[in-house]
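Contents: one structure, followed by commentary.
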There are 2 protein chains.
Amino acid sequence: MKSVNSDLAYDYIRKRILNGKLAPGQSLTTKTLSVEIGVSRTPVRDALRQLEADGLVTIQTHLGARVRKVDLKEFREMCLLRLALESFAAGLAAMNRTEEDLREISDALDAMRGLTELIVTTPMDKEGPVLEELRREDVRFHIAIMTAAKNDLMKTEILRLHLINRVVSTPVPETEASVNRKAVDARRRGVLAEHAQIYAAIAKGESTTARDAMAKHIQDIIDNTVRVLASSKSGRLSRPLTEEELSYVP
Amino acid sequence: MKSVNSDLAYDYIRKRILNGKLAPGQSLTTKTLSVEIGVSRTPVRDALRQLEADGLVTIQTHLGARVRKVDLKEFREMCLLRLALESFAAGLAAMNRTEEDLREISDALDAMRGLTELIVTTPMDKEGPVLEELRREDVRFHIAIMTAAKNDLMKTEILRLHLINRVVSTPVPETEASVNRKAVDARRRGVLAEHAQIYAAIAKGESTTARDAMAKHIQDIIDNTVRVLASSKSGRLSRPLTEEELSYVP
DNA sequence: CTTGCCCAATGTGTATACAATGGTATGTCG
DNA sequence: CGACATACCATTGTATACACATTGGGCAAG
C-alpha cells in the first residue's frame with residue numbers, strides 16, 4: 001500500500017496470523033515485531049492499523065494490538081453478514097453474468113463433482129490432498145459467482161469476511177472425523193447439489209431463485225460449522241491456511 | 001481509539017470532511033494538518049489511515065491522502081451494497097424486534113407523517129428547519145430498524161455506507177427545486193407510504209415482506225438520487241452536514 | 001514554438017528519541 | 001495475613017530528524 005517497509009510488515013504479520021503461527025488473542029508488541037521483521041516500529045504500527053481495518057487484529061489504547069478473537073455473538077453476526085451479502089451477490093450474478101463467467105462457475109462445479117466422487121473411492125488416509133483440492137474448487141466456485149455479480153466492493157467485502165471466518169474459527173476440516181464417513185459423504189453430496197442449484201439459477205438468469213439458493217447454502221454451511229464447533233470442545237478454533245489460500249484476497 | 005492526539009486529529013479531519021469544508025478530491029498534507037491541529041505528523045498519519053478504513057479518504061504511496069471522491073461506478077456499487085444490507089436488516093428486524101424497538105420505529109414514522117403534512121402548509125421560504133427535522137426523523141427511522149435487527153456489525157457497516165454516501169454525493173436537498181412543488185410533495189408522500197409498509201411488515205413479523213419493502217424503498221431512493229444527480233450538472237456533489245448528523249455513527 | 005531533460009522544492013516514509021500510561025511487584029499498615 | 005498504596009518497568013503514543021520519491025518548472029536543443 002504505502003512503501004516497502006509498511007508492506008513488508010503488513011504481509012509478514014498477516015501471513016503469520018493467517019497460517020496460525022499467531023493465535024487469536026495473542027498480543028502483538030510493536031517492538032518485538034519490528035526487530036523480527038527488521039524495520040522500525042513505525043511501519044509496524046501502520047501495518048497493525050491496516051490489519052485492524054481488515055478485521056484481523058484489535059487495538060486498544062495503551063494496551064497494544066492482539067490477534068482478533070471473536071466471540072460467539074460476533075461470529076453469528078459475521079455469518080449473517082456474509083449470508084446477506086453473498087446471497088445478494090448470487091442474485092446479481094444471475095442478472096449480470098457473462099458467458100465467460102458462467103463457464104468459470106461451471107468449471108469449478110464440474111471439478112468439485114469429480115473430486116467428490118473421487119473421494120468416495122479414496123482410502124481415508126490418502127484423501128488429504130484431494131480434500132485440499134476440493135476446498136480450493138469450492139472457494140473458486142464462490143469467487144466465480146462474486147466476480148459474475150460485477151460488484152467489486154461487494155466482492156472485496158465478502159472476501160474479507162471469508163478470511164476472518166477462516167482464521168478465527170474454521171470448520172476443522174472433516175479429517176477430524178467426529179462424524180462417520182457416510183455422514184461426511186452425504187454432506188459433500190449435499191453441498192454439491194446446492195452448488196448445482198445455484199449454478200442452474202444463475203445460468204437461467206433467475207435472480208431470486210439464485211439468491212434464495214445461495215442463502216440456503218450458506219445457512220447450511222453456518223449450521224454445519226456451528227455444529228462442528230460445538231462438538232469440538234477445544235477453545236482453539238484456528239487452522240493454518242495454505243500459501244494458496246493466503247492470497248485469495250486481492 | 002488510541003490516545004488523545006490521534007483522536008483529536010481523527011475527529012478534526014472527519015468533521016471537516018463531513019461538513020464539506022474539505023471537498024472530495026482535495027489533497028490532505030500531513031504537515032499542514034498537523035500545524036492546523038497542533039500535533040505532530042504522526043497522529044495525523046494515523047488519523048488518515050483510520051479515515052481511509054472508514055472509506056472517507058484514499059491514500060497513495062508517496063502521493064499522500066485525498067478526500068475520497070467516488071466515481072459513478074463506485075457509487076452504484078455502494079448503493080447496491082447498502083440495498084443488500086439494509087433490506088436484509090429489515091428482514092432481521094421483523095424477526096428480532098422487541099416491543100420497545102417497535103415503538104421507536106413507530107415514533108419516527110409518526111413524526112415524519114406529521115412533518116410531511118406540515119410542510120404542505122408551510123411557505124417554501126420557511127420550510128428549511130422543517131426539512132432538516134424531517135431528514136433527522138428519516139435517519140432515526142432507518143437507525144431504529146437497524147437497531148431492531150440486533151446485529152451490531154451490520155448496523156455499523158450500513159451506517160458507514162450511509163455516511164460515505166452523504167458526503168460524497170448527496171441528494172441535494174429538494175430545496176434546489178429543479179422539480180416543482182407538487183412532484184416533491186408526491187415523492188415525500190411516497191417515502192412515507194413505503195416507510196409505513198416497512199413498519200407494518202416488521203410489526204407483523206413478516207420477514208420477507210419487510211425485506212422486500214425495504215429493498216423497494218432503497219431502490220426508489222437510489223433512483224431518485226441518480227435522477228437528481230443527473231439533472232444537477234455541477235460536478236460538486238457534496239453537502240455540509242449538521243453537527244447532529246456528524247455524530248450519527250457510533 | 002515545441003519537446004525533452006535536469007534539478008530543486010515539496011511532501012511522504014522511516015527511524016529514533018522522548019513522554020505518558022497501564023501493569024506489576026513490593027512494601028507497609030490495619 | 002490480607003488489602004491497599006506506591007514505585008518501578010514495560011510498552012505504547014508522540015515528536016522530530018533524516019532519506020527518498022514525485023512533481024513541476026526552467027533551460028537547452030531541435
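Just so it is clear, the values below take in all heavy atoms, side chains as well, and ignore hydrogens, waters and symmetry mates. Numbered from 1 within each chain, the chains take letters A, B, ... in sequence-line order.
- Checking the phosphate oxygens (OP1, OP2) of dT14(C), no side-chain nitrogen or oxygen of S40(A) falls inside 4.0 Å.
- Rounded to whole Å, the distance from NE2 on H62(B) to C1' on dG11(C) is 10 Å.
- Rounded to an integer number of Å, the gap from Q60(B) CD to dG13(C) P is 11 Å.
- The distance between atom CG of L28(A) and atom P of dG13(D), rounded to the nearest whole Å, is 13 Å.
- Using a 3.5 Å distance cut-off with no hydrogens or angles, the side chains of E86(A) and H217(A) do not pair a donor with an acceptor.
- Regarding contacts with the backbone of dT14(C), a side-chain N or O of S6(A) is found under 4.0 angstrom from either OP1 or OP2.
- If you measure from atom CG of L63(A) to atom P of dT11(D), you get 13 Å, rounded to the nearest angstrom.
- A donor-acceptor contact under 3.5 angstrom links the side-chain atoms of R41(A) to the base of dG13(D).
- Following rounding to the nearest Å, L8(A) (CG) and dA15(C) (P) show an atom-to-atom distance of 10 Å.
- OP1 or OP2 of dG13(C) sits under 4.0 Å from a side-chain N or O of R45(B).
- In this entry the distance linking CG of L48(A) with P of dT14(C) reads 14 Å, nearest Å.
- The interatomic distance linking Q26(A) (CD) with dT11(D) (P) rounds to 14 Å, in whole Å.
- Across all strands shown, L33(B) has no heavy atoms under 4.0 Å from either base or sugar-phosphate atoms.
- Between K31(B) and T42(B), the residue whose closest nucleotide on DNA chain C is further toward the 5' end is K31(B).
- Ion pairing between K73(A) and E77(A) holds under the 4.0 Å rule for side-chain N and carboxylate O.
- For the residue pair T147(B) and K155(B), the shortest heavy atom distance occurs at OG1-NZ, 3.0 Å.
- A salt bridge between E133(A) and R136(A) is absent, with no side-chain N of the basic residue lying under 4.0 Å from a carboxylate O of the acidic one.
- The distance between atom CG of N5(B) and atom C1' of dT14(D), rounded to the nearest whole Å, is 7 Å.
- Side-chain contact between Y10(A) and D54(A) is present, with at least one heavy-atom pair separated by less than 4.5 Å.
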